[in-house]
Amino acid sequence: MSQKLKQRSPGRGERHSAAWGKRVSTLLLLLVAQTAFAQWASGERTGKFAPDLSPAVARAHQGIAGRETVNVIVQYKLDPKTEQEGRVQRLGARLGHRLHTVKGIALTIPVSALPALEADPEILSVSVDHPMKGLDDTSDLATSVNAAWNAGYNGAGIGVAVIDSGINDSHPDLKDSTGSTSRVVYRQDFTGTANSNASGAKYDLYGHGTHVAGIIGGNGKLSGGNYSGVAPAVSLIDLRVLDLNGAGSDSNVIAAIEQAIALKSTYNIRVINLSLGRGIFVSYTQDPLCQAVEQAWNAGIVVVVAAGNYGRVSVNGSNGFGTITAPGNDPYVLTVGAMKSNGSSNPAAETKASYSSKGPTTYDHVMKPDIMAPGNDIVSLSAPGATLETEYPAELVTGNDGNNDYFTLSGTSMATPVVAGSVALLLQQNSALTPDQVKARLMKSTYKLYPLGSTSAYVPHLLQNFTDFYDVLSVGSGLLDMQNAVTSTDLAPATVGAALSPSVVFNSSNGTVSLVNGNGKIAAGSVVWGTSVVWGTSVVWGTSVTGSSVVWGASLPWNNNLLSAFSVVWGSSTGTGTQATSVVWGAAVSTTDGAFTDAGDDEQ
């Protein structure tokens, strides 16, 4: 079996940062993290407003807002009608997307009008419509995808919604077996921007979504199968939310998720791929973006989300812990971190990519990531004339026709579609699986035999190397292993929420960090996903979790006096309040709005 998603040869140190477009210094990376993870200390709403709106609301009350506007998502107690829309428009608001899933509308509204929203009794909450970008920064044998292929699974009949920068469906690798019909069966733009540019790019002006689509479902036509995707016969639904610079917004993504739910039956959409992320500003229970992904999950769609690329960021010495991005912080979704192959197809040779974000999540302390997949130096489809290809011509890869048909990128953005494609294979094998059953099986069947730690090669443009440990907040349940997944017959309960990612709790009296089940409704005696069997022992998490459900023992990194991460991440909090030096308890780093952005660096 030929190798798909072929990686670059070791030793090449170029950076493919889709959002940055240039190499960054450690200082800049830290500043980006401070922006992306800007928090208000309590994480609670002030009245109807999310905490990151508080400065704007204060300016409005002080009468110093001037002509300043802000993009917001307004959620109502009931789905808003024409009357409610007219009311906000009379305040000077410009209407964006109607977001029925979260009973809301996206608005650009004068800051001076915010107090009027507070006074409207029909409005439930007001959140910032955060900007977003893709998360960029492997091989079949490492994840045993070839075992699924050998069993006859290729994703045929399964629809995967790619919510990204668009898909260049003219690429021959996205055609069906006849080579005449595109497997991109539906396309819709949510950005309101042009769908072509002067450089010849069409539909995907940025280049990120086409690359992601190729990892999910490219058939390797122009490479003799060498760069084929995970599910080469899958149907793709192109929902474009990012523009030519890779920029979008919460409301774009929420609207696209709603459309995926609406089209579920038409195209058998069973998977959504979100290679996107932004800072966390409130609890997932209050975030409309997280509410939207939960609606998709409830509708029977497996939502696969990038963990983020902030693992190298050490805010106040946190060593990259507490850097998971939204909506990967939601306990329902399947959140993916990135591994690198180090030039080997042996899963034992895979090491954690140091840029891959680590848990726990801010405010809610959810155990993330859930699973790891190869994401470093991935060769997938190019989008000729797109921004990324134009800015990084050295990363173009020639196909069998002599043209630049492929492109190299790295990041949790690339690991995420590896898992999304694998979900499609699993659902082709057994279409009756619920999202929770898919998540549970993939997590239980992972490869888990990792060392305590590893050190990356020196990263020249960051002037340092990085040491990673293999605790559950760094690598989740382990590396995707499709051979185990397709041969398994284990079934978690079919109940929605049965496979909620657990939360972690710090016990200040004995210095231990333990797991708390995400769903108390699941019976303790459940063989696969029970209270004491899966989360409490090593069935899912391997030797990183003991029978007494203590996450870290004396030999694991939190107890290493050489590391300061423990005190920074957990502080002295008992889990019920906030601590000024504690990253995951929601302490403010800055008050700047954060963007969905890429901090993914190639590392050798």
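Index from 1, following the sequence. Scope of the values below: all heavy atoms of this structure, side chains included, with no hydrogens, waters or symmetry mates.
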Could you walk me through whether N484 and T446 pass the side-chain contact (heavy atoms from CB on, under 4.5 Å) test, one step at a time? CA-CA 7 Å; N484 282 344; T446 54; over 6 Å; no

Could you check V162 against I237 for side-chain contact (heavy atoms from CB on, under 4.5 Å), going step by step and ending with a plain yes or no? CA-CA 6 Å; V162 180; I237 293 81; over 6 Å; no

Check the pair S477 / K448 against side-chain contact (heavy atoms from CB on, under 4.5 Å), numbers first and verdict last. CA-CA 7 Å; S477 62; K448 309 175 192 298; 4.2 Å; yes

Between K439 and S501, does a side-chain contact (heavy atoms from CB on, under 4.5 Å) hold up when you go through it step by step? CA-CA 10 Å; K439 179 179 177 181; S501 301; 2.9 Å; yes

Could you go through K175 and D173, starting from their C-alpha distance and side-chain angles, then the distance that decides it, and tell me whether this counts as salt bridge (charged side-chain N to carboxylate O under 4.0 Å, His left out)? CA-CA 6 Å; K175 303 292 185 181; D173 284 23; over 6 Å; no

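Heavy atoms only, all atoms of each residue included: W149 and P232 are closest at NE1-CD, 4.0 Å. Closest approach of D401 and L222 over heavy atoms only: OD2-CD1, 3.8 Å. For the residue pair A498 and P493, the shortest heavy atom distance occurs at CB-O, 3.5 Å. What you find for E258 and V102 is that their closest heavy atoms are OE2-N, 4.0 Å. The two residues V472 and M367 have their closest heavy-atom pair at CG2-SD, 3.2 Å. V241 and A256 make their closest contact through CG1-CB, 3.6 Å (heavy atoms, listed as atom of the first residue, atom of the second, distance).
Proximity of a side-chain donor or acceptor of S235 to a complementary backbone N or O of G159 within less than 3.5 Å is not detected. Within the 3.5 Å criterion, the main-chain N or O of Y206 finds a donor-acceptor partner in the side chain of D204. Checked by atom type and distance alone, the side chain of T412 never pairs as donor or acceptor with a backbone atom of A338 at under 3.5 Å. Side chain of T434 to main chain of Q437: a donor-acceptor pair is present (N/O by atom type, distance under 3.5 Å, no hydrogens or angles). Without hydrogens or angle criteria, S356 side chain to A353 main chain gives no donor-acceptor distance under 3.5 Å. R441 places a side-chain N or O within donor-acceptor distance of the main-chain N or O of S488, the cut-off being under 3.5 Å. The backbone N or O of G209 lies less than 3.5 Å from a partner atom in the side chain of S165, making a donor-acceptor pair. The backbone N or O of L442 sits less than 3.5 Å from a side-chain atom of S445, completing a donor-acceptor pair. A distance-only check finds no donor-acceptor pair linking the side chain of Q483 to the backbone of A147 [under 3.5 Å]. With H211 contributing its side chain and I378 its backbone, the two residues share a donor-acceptor pair below 3.5 Å.
Listed by chain and number, the residues in a side chain to side chain donor-acceptor pair (under 3.5 Å) with S182 amount to none (sequence neighbours excluded). Residues passing the side-chain contact (heavy atoms from CB on, under 4.5 Å) test with A262, sequence neighbours excluded: Q259. Remark: D238 pairs with R187 by the salt bridge (charged side-chain N to carboxylate O under 4.0 Å, His left out) rule, at least two apart or across chains. By the side-chain contact (heavy atoms from CB on, under 4.5 Å) test, E389 is found to be paired with S382, A383, A386, L396, F407, residues two or more places apart in sequence or in another chain being considered. A search for side chain to side chain donor-acceptor pair (under 3.5 Å) contacts involving S265 returns nothing, not counting sequence neighbours. T285 meets the side chain to side chain donor-acceptor pair (under 3.5 Å) test with S283; sequence neighbours excluded. Remark: R270 engages no residue in a salt bridge (charged side-chain N to carboxylate O under 4.0 Å, His left out) (not counting sequence neighbours). Residues satisfying the side-chain contact (heavy atoms from CB on, under 4.5 Å) criterion with A231, sequence neighbours excluded, are V234, A424, L425. Under the side chain to side chain donor-acceptor pair (under 3.5 Å) criterion, N168 pairs with S170, sequence neighbours left out. Among residues two or more places apart in sequence or in another chain, the side-chain contact (heavy atoms from CB on, under 4.5 Å) test is passed with T191 by D189, T193, R240, N252.
Using a 4.5 Å heavy-atom cutoff, the side chains of L409 and E395 are not in contact. Considering only heavy atoms from C-beta on, S474 comes within 4.5 Å of K352 through its side chain. Using a 4.5 Å cut-off on side-chain heavy atoms (C-beta onward), L473 and F321 make contact. A heavy-atom distance below 4.5 Å is found between the side chains of S422 and V145. Proximity of V486 to L426: side-chain heavy atoms (C-beta onward) are separated by under 4.5 Å at one or more points. At a threshold of 4.5 Å between non-hydrogen side-chain atoms, the residues N273 and T416 count as touching. Side-chain contact check for I254 versus L289: some heavy-atom pair is nearer than 4.5 Å. Counting heavy atoms from C-beta on, the side chains of V303 and D330 never come closer than 4.5 Å.
The ring pair (Phe, Tyr, Trp, His ring centres under 6.0 Å) analysis of residues 259-279, with sequence neighbours excluded, yields the pairs Y186-Y267.
Rounding to the nearest 0.5 angstrom, the gap separating the OG1 atom in T387 from the NE2 atom in H208 is 12.5 Å. Separation of atoms CG (N150) and CE (M482) is listed at 12.0 Å; rounding is to 0.5 Å. T323 contributes atom OG1, which lies 9.0 Å from atom CD1 of I280 (distance to the nearest 0.5 angstrom). The distance from atom CZ of R183 to atom OG1 of T181, rounded to the nearest 0.5 Å, is 11.0 Å. Taking OG of S354 as the start and CZ of R312 as the end, the distance is 3.5 Å to the nearest 0.5 Å. Going from atom OH of Y153 over to atom CD of Q428 covers 7.5 Å, rounded to the nearest 0.5 Å.
Side-chain contact annotation: N403 with D405, donor-acceptor N/O pair under 3.5 Å absent.
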Show me the side-chain donor-acceptor pairs of residues 292-301 shorter than 3.5 Å, one per line, residues at least two apart or across chains.
{"unit_1": "W297", "atom_1": "NE1", "unit_2": "D436", "atom_2": "OD1", "d": "3.0"}
{"unit_1": "N298", "atom_1": "ND2", "unit_2": "E294", "atom_2": "O", "d": "3.2"}

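Few gaps surround NZ on K264; more than 12 heavy atoms of other groups in view lie less than 6.0 Å from it.
When the options V336, T335, N329 are evaluated for a side chain to side chain contact (heavy atoms under 4.5 Å, CB included) with V333, the one that passes is T335.
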